[in-house]
Amino acid sequence: MDKKITIAIDGHSSCGKSTMAKDLAREIGYIYIDSGAMYRCCTLFALDNSLIAPDGTIDTATLEARMPEIQVSFKFNPETRRPDTYLNNELVEDRIRTMEVSSHVSPIAALPFVRAAMTAQQQAMGREGGIVMDGRDIGTAVFPDAELKIFVTASDEIRAQRRYDELIAKGQPADFDDVLANLRERDRIDSTRAVAPLRQAPDALVLDNSHLTIPEQKQWLIERFKEKTKTLPPPSL
Ligand code: DC
């Protein structure tokens with residue numbers, strides 16, 4: 001049997017990373033982990049427990065003390081054929097994708113104790129390889145030894161349009177300018193934070209998918225996977 005590798009897919013907000021990553025994982029029989037969903041769960045937990053004031057101030061002392069209460073898991077949904085996100089065994093897939101969570105998630109994801117807890121959970125999930133994980137720091141901090149690293153990007157406007165269409169399709173209220181502003185602000189915070197900022201790993205392959213269709217980017221990624229697994233030494237017995 002071929003050795004199962006680790007695949008890290010990083011990039012800017014709403015650039016279609018998760019669609020690519022999910023499609024690839026399904027195609028090659030790997031586990032898909034959406035690390036952004038884990039930071040979204042931490043944000044939902046903070047909102048549900050009134051740890052974020054209306055002015056955005058975070059009660060960091062209480063959140064840090066309560067971090068052990070945050071357990072994120074993923075369960076395969078046979079209907080959508082994609083994994084759903086659970087926070088402490090409660091299905092939160094829709095609740096973590098609202099604009100309210102999106103507008104608070106970057107400051108939460110910048111907190112070192114939140115990153116430490118989520119990174120440890122992610123590394124435990126990927127210990128055996130055979131995983132496709134997407135996020136901001138997967139190829140740089142979570143799995144620096146990943147065999148295949150991809151850095152995805154697309155123009156701001158195209159990314160905002162995709163996100164806006166997604167929210168409208170789900171029947172959630174959305175304003176294009178708000179979505180664009182939120183996405184730029186998240187990119188700014190994600191790229192400038194002190195711990196594990198969004199950065200392209202030196203050994204990552206770059207994909208600008210501004211003008212690619214979903215099937216085209218899927219094809220591109222499968223070719224990169226095949227190239228990589230072809231060049232790997234055979235697994236030791
Ligand atoms: O991919 P996403 O939009 O669902 O990610 C939500 C937020 O989580 C995003 O603003 C940055 C943060 N994030 C992170 O800091 N590190 C990751 N590995 C994944 C996401």
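Excluded from the calculations below are hydrogen atoms, water molecules and symmetry mates; all remaining heavy atoms, backbone and side chain alike, are included. In listed order, ligands and their atoms are each counted from 1. Along the sequence shown, residues are numbered consecutively beginning with 1.
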Asks: Under 3.5 Å, is there a donor-acceptor pair between the Arg162 and Asn209 side chains?
Replies: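 Yes - a donor-acceptor pair under 3.5 Å links their side chains.
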Asks: Give every residue pair that meets the ring pair (Phe, Tyr, Trp, His ring centres under 6.0 Å) criterion with at least one member in residues 6-44, sequence neighbours excluded.
Replies: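 Listed by first then second residue: His12-Phe151, Tyr30-Phe225.
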Asks: I'd like to know if the side chain of Ser102 pairs up with that of Arg40 as donor and acceptor (distance under 3.5 Å, no hydrogens or angles considered).
Replies: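 The answer is yes; a qualifying pair exists.
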Asks: Between Glu157 and Gln161, do the side chains contain a donor N or O and an acceptor N or O under 3.5 Å apart?
Replies: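 Short answer, no.
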Asks: Under a 3.5 Å distance rule, please check whether Lys149 uses its side chain to pair with a backbone N or O of Gly139 as donor and acceptor.
Replies: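 Answer holds: yes.
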Asks: Collect the protein residues that have a non-hydrogen atom under 4.0 Å from ligand 1 and hand them over in chain and number order.
Replies: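 Under the 4.0 Å cut-off, ligand 1 touches Ser35, Gly36, Tyr39, Arg40, Val105, Ser106, Ala109, Arg115, Gly135, Arg136, Asp137, Ile138, Arg186, Asp190, Arg193.
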Asks: Please determine whether a side-chain nitrogen of the Lys or Arg among Asp187 and Arg136 lies less than 4.0 Å from a carboxylate oxygen of the Asp or Glu.
Replies: no
